[in-house]
Amino acid sequence: MEYRKGILFVRLKGNLNANTAPKFEEYAIPIIKDYGIKYIVYNLSELISLDTYGEKALIKGGNEAKVNDGKVLIVNNRINSCLDYDNVSNELIALDLLKV
């Protein structure tokens, strides 16, 4: 994770599934809550697999950002997921869209 210009960039690698989603939640959700993060960019370009547990973990993070009147973007969503966030092709486009 990296926080720049008011945006939390979360770059995921490997698998986000029933085994790894709880670790993600334990680490990311408190940061989003404690620092009042409004904007999140989930970069999925190096994610191999994502199951429903992983999707729910990403949604929890997104819900915390929305509580702060924020927005979530997904970079390179080549994995068929049910995430209802805007998709962009790279982080520079995400940065431009959020205009923070």
Find the distance between [atom1] ([X]) and [atom2] ([Y]) and round it off to the nearest 0.5 Å.
{"X": "L98", "Y": "I7", "atom1": "CG", "atom2": "CD1", "answer": "4.5 Å"}
{"X": "D86", "Y": "I74", "atom1": "CG", "atom2": "CD1", "answer": "9.5 Å"}
{"X": "I37", "Y": "E64", "atom1": "CD1", "atom2": "CD", "answer": "11.0 Å"}
{"X": "K5", "Y": "L95", "atom1": "NZ", "atom2": "CG", "answer": "5.5 Å"}

Between [X] and [Y], which heavy-atom pair has the shortest distance, and what is it?
{"X": "A28", "Y": "M1", "answer": "CB-SD, 4.0 Å"}
{"X": "A21", "Y": "L16", "answer": "CA-CD1, 3.8 Å"}
{"X": "V72", "Y": "G62", "answer": "CG2-CA, 3.5 Å"}
{"X": "P22", "Y": "A18", "answer": "CD-O, 3.3 Å"}

Taking only residues at least two apart or on different chains, which pairs with a member in residues 26-39 satisfy side-chain hydrogen bond (donor to acceptor under 3.5 Å, both in side chains)?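 Passing the test, one end in residues 26-39: no pairs.
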
Pairs where residues 10-23 contributes a residue and the test side-chain hydrogen bond (donor to acceptor under 3.5 Å, both in side chains) is met, not counting sequence neighbours: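 Matches after skipping sequence neighbours: E2-R11, R11-E91, N15-S49, N17-T20.
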
Out of I40, I59, L73, which one pairs with Y85 under the side chain to side chain contact (heavy atoms under 4.5 Å, CB included) rule? I59

Taking only residues two or more places apart in sequence or in another chain, which ones pass side chain to side chain donor-acceptor pair (under 3.5 Å) with [X]?
{"X": "N68", "answer": "none"}
{"X": "K56", "answer": "none"}
{"X": "S89", "answer": "none"}

Would you say the side chain of V88 lies within less than 4.5 Å of the side chain of D96, judging by non-hydrogen atoms?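 D96 does not reach V88 side chain to side chain.
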
Would a 4.5 Å heavy-atom cut-off, applied to side chains only, mark V10 and F24 as touching?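 With C-beta onward as the side chain, the pair touches.
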
Looking at residues at least two apart in the chain, or sitting in another chain, which of them share a salt bridge (charged side-chain N to carboxylate O under 4.0 Å, His left out) with D51?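 Salt bridge (charged side-chain N to carboxylate O under 4.0 Å, His left out) list for D51, sorted by chain: empty.
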
With a 4.5 Å cut-off on side-chain heavy-atom distances among I, L, V, M, F, W and Y, is there a chain of contacts connecting [X] to [Y]?
{"X": "Y42", "Y": "Y3", "answer": "yes"}
{"X": "V41", "Y": "V67", "answer": "no"}
{"X": "L12", "Y": "I31", "answer": "yes"}

